[in-house]
Amino acid sequence: MKHNKLAMMIAIIASVAAITAAVTAFLVVREKKKKDDDELERYLDCSIQ
């Protein structure tokens, strides 16, 4: 019975870690895209003038 509890706790912790990693990766990618879009917009504005 103790092995089942330990395995369940490890599975829960691993799941939370995986979800956290996925959310963090999503936010980093989204932030990078936003930064790239802003940089491109600035470049286009400067090149038009």
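Keep in mind that the numbers below use all heavy atoms, side chains included, and drop hydrogens, waters and symmetry copies.
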Side chain to side chain contact (heavy atoms under 4.5 Å, CB included) with Asp37: which of Lys35, Glu41, Lys33, Lys34?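 The side chain to side chain contact (heavy atoms under 4.5 Å, CB included) with Asp37 is passed solely by Lys33 among Lys35, Glu41, Lys33, Lys34.
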
Enter the distance from Lys5:NZ to Ile10:CD1 here, rounded to the nearest 0.5 Å.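 The distance works out to 14.0 Å.
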
Hydrophobic clusters here meaning ILVMFWY residues chained together by side-chain heavy-atom distances under 4.5 Å, can you tell me if Met9 and Val16 are in one?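 Shared cluster, no.
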
Could you measure the distance from the CD atom of Glu39 to the NZ atom of Lys32? Nearest 0.5 Å is fine.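 With rounding to 0.5 Å, CD (Glu39) is 8.5 Å from NZ (Lys32).
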
Give, for atom OG of Ser47 and atom CG of Asp45, the distance between the pair rounded to the nearest 0.5 Å.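 Nearest 0.5 Å value for the OG-CG distance: 8.0 Å.
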
